Amino acid sequence: MKPDLFQAPDYYNLDDLLTEEHKLVRDAAREWVKREVSPIIEDYAQKAEFPKQIVNGLAEIGAFGPYIPVEYGGAGLDQISYGLIMQEIERGDSGVRSTASVQSSLVMYPIWKYGNEAQRQKYLPKLASGEWMGCFGLTEPDHGSNPAGMVTNFKDMGDHYLLNGAKMWISNAPFAQVAIVWAKDESGRIHGLIVERGMPGFTTPETHNKWSLRASATGELIFDNVKVPKENLLPNKSGLGAPLGCLDSARYGIAWGAIGAAMDCYDTALRYSKERMQFGKPIGQFQLQQKKLAEMITEITKAQLLTWRLGVLRNEGRATSAQISMAKRNNVDMAIHIAREARQMLGGMGITGEYSIMRHSMNLESVITYEGTHDIHLLITGLDITGLNAFK
Ligand SMILES: Cc1cc2nc3c(=O)[nH]c(=O)nc-3n(C[C@H](O)[C@H](O)[C@H](O)COP(=O)(O)OP(=O)(O)OC[C@H]3O[C@@H](n4cnc5c(N)ncnc54)[C@H](O)[C@@H]3O)c2cc1C
């Protein structure tokens, strides 16, 4: 892969809206990605392998639990710092950002918010340091967009719970020590259970043959009469709102992350357009190529503003789930279009691993699907503005 010459676009001087802490956190993550991710990521994506050696570095830049309080090992940062870290990691690779998102928003967040003090003390510091990795099991083979239909279930056996069922498409599953599993009790109510690797009857077969998020490990979670200790139930929230609360936090991070992928594609195409000569001119001098670049920076700038504002609302505790849906949907769609245009601007070189664009493009196909598909988020906005439910 070519050396990482990334220069972040900031067309509307949005750095002026950031605090010194935001900029310090972001720049540390940016430097780390340049040093530790860019040189190796193409190779790992080609091999379809998660680069486990970067786990410690992810922990050091605060990517595991950025907003979890310091007393539990988190970085104690605000929502904008959290977003900026996700932006920088996804600038490197959406698969690496997925690993960090799952660890922070889908594993640490529910333990912090819905767990008891003993659970927080036991799990959060180890997850924050990367000593333990976690995964989040909501999706099932027959229930993706409609998780309420899940069939994974547990029975109260007196001194323990007995868990049965299966989850699929689970990021980090093949190597996670801890799984947050959403399952129905005997009355049909959804609860979160902390399932640990090594519990008899619990297996995590890896999903192969992915053309997307190849540097992120994906797998199934199979529960065959798994005895789960009673103290592993998350006691403080149940019902579908519990997993959806985690998804709010993760989708917010994705909204920022997608900007990172788009910025990388734009920056690569801009540089290439000034270097690549055709018909005796740099291709950036042709109006059609300028149109592509001008539209890219316009869309990136709009997404940056939308997402910064969402961060302010999150910091104030005022962001709604529907507002988060709008940003996730808009920004991933924006990034996937920019990746496609940028790839075309590189001509044949755009399909090679010499540049990051094709990898971003393939990765974004997962990002536009997981944590609520593009269409599902549109229906959430539709429901919010009309009050009429298209899901029923
Ligand atoms: C790489 C990867 C990693 C993932 N990681 C995780 C993870 O860590 N944990 C986890 O729990 N899940 C994970 N997922 C699962 C992901 O969240 C689901 O794939 C997603 O929610 C969509 O579910 P589905 O694939 O079953 O598609 P389906 O729900 O079958 O949807 C198929 C199509 O139908 C459309 N559709 C569905 N319902 C409606 C409707 N009511 N109206 C209009 N259109 C509709 C959808 O928009 C979509 O286009 C991951 C997925 C991928 C690809």
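Both ligands and their constituent atoms are indexed starting at 1 by order of listing. Bear in mind that the values here come from a model prediction, so they are computed numbers and not experimental data.
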Does the cation-pi check pass for R30 over W32, that is, NZ or CZ under 6.0 Å from the six-membered ring centre and within 45° of its axis? no
What is the nearest protein non-hydrogen atom to atom 42 (N) of ligand 1, stated with its residue, atom name and distance? L379 CD1, 3.4 Å
I'd like to check atom 30 (O) of ligand 1 in this structure: does the protein have a heavy atom lying under 4.0 Å from it? no
We want to know whether D78 and H22 form a side-chain donor-acceptor pair, criterion being a heavy-atom distance below 3.5 angstrom. yes
Residue selection (non-hydrogen contact nearest atom 38 (N) of ligand 1) among I376, N389, T207: I376
Tell me which protein heavy atom sits closest to atom 41 (N) of ligand 1, plus the residue, atom name and distance to 0.1 Å. F391 CD2, 3.9 Å
So does M358 get a backbone contact from the side chain of R343, meaning a donor-acceptor N/O pair under 3.5 Å? no
Those atoms of ligand 1 less than 4.0 Å from some heavy atom in E371: 17 (O)
Taking the ring centre of each residue, are Y355 and Y272 less than 6.0 Å apart? yes
Please list, in number order, the atoms of ligand 1 under 4.0 Å from a heavy atom of Y370. 2 (C), 3 (C), 4 (C), 16 (C), 17 (O), 50 (C), 51 (C)
Check for me whether K230 meets the cation-pi criterion with Y161, that is, NZ or CZ under 6.0 Å from the six-membered ring centre and within 45 degrees of the ring axis. yes
Give the ring-plane orientation class for F202 versus F223, where under 30° counts as parallel, over 60° as perpendicular and anything between as tilted. parallel
To check your reading of the model: name the closest protein heavy atom to atom 20 (C) of ligand 1, its residue, and the distance in Å. T369 O, 3.5 Å
Counting from 1 in the order shown, the ligand 1 atoms closer than 4.0 Å to a non-hydrogen atom of D375 are 47 (O)
4.0 Å protein heavy-atom contact status of atom 44 (N) of ligand 1, strictly under: no
Please answer whether the main-chain N or O of N225 pairs with a side-chain N or O of N164 as donor and acceptor at a distance below 3.5 Å. yes
Would you say F136 has any N or O atom under 3.5 Å from an N or O of ligand 1, going by distance alone? yes
Within 45° cone of Y44 ring axis and under 6.0 Å: K47 NZ or CZ: yes
Charged N to carboxylate O under 4.0 angstrom, K122 versus E196? yes
F6 six-ring face occupied by R91 cation (under 6.0 Å, within 45°): yes
Aromatic plane relationship, F286 with F279 - under 30° parallel, 30 to 60° tilted, over 60° perpendicular: perpendicular
Compute whether any side-chain donor of one residue and acceptor of the other, for D384 and T320, lie under 3.5 angstrom apart. no
For ligand 1, which atoms sit closer than 4.0 Å to a heavy atom of I170? 7 (C), 8 (O), 9 (N), 10 (C), 11 (O)
Do any nitrogen or oxygen atoms of H143 come within less than 3.5 Å of a nitrogen or oxygen of ligand 1? no
Polar contact flag for N146 and ligand 1 (N/O pairs, less than 3.5 Å): no
In this structure, atom 1 (C) of ligand 1 is nearest to the protein heavy atom S366 OG, 3.6 Å
Among all protein heavy atoms, pick out the one at the shortest distance from atom 3 (C) of ligand 1; state its residue, atom name and that distance to 0.1 Å. S171 OG, 3.4 Å
At what distance, to the nearest 0.5 angstrom, does CE of M168 lie from CD1 of I170? 9.0 Å
May I ask you to check whether W169 has an N/O atom sitting below 3.5 Å from an N/O atom of ligand 1? yes
Where ligand 1 meets S145 - atom numbers and elements under 4.0 angstrom, heavy-atom basis: 23 (O), 28 (P), 29 (O), 31 (O), 37 (C), 38 (N)
Pair T204, E220: side-chain N/O donor-acceptor within cut-off below 3.5 Å: no
Of all the atoms in ligand 1, which lie at a distance below 4.0 Å from a heavy atom belonging to L213? 1 (C)
Top protein contact for atom 26 (O) of ligand 1, by heavy-atom distance: G144 CA, 3.2 Å
Quick check: does K210 get an N/O under 3.5 Å from an N/O on ligand 1? no
Is any heavy atom of the protein nearer than 4.0 Å to atom 33 (C) of ligand 1? no
Taking only heavy atoms of T373 into account, list the atoms of ligand 1 that are under 4.0 Å away from them. 22 (C), 46 (C), 47 (O)
Answer yes or no: does an N/O atom from T139 fall short of 3.5 Å to an N/O atom of ligand 1? yes
Looking only at distance, does L138 have an N or O less than 3.5 Å from an N or O of ligand 1? yes
Check against side chain to side chain donor-acceptor pair (under 3.5 Å), T218 and K210: CA-CA 9 Å; T218 314; K210 289 183 303 169; 2.8 Å; yes
Region of N172 engaging ligand 1 - heavy atom pairs below 4.0 Å: neither
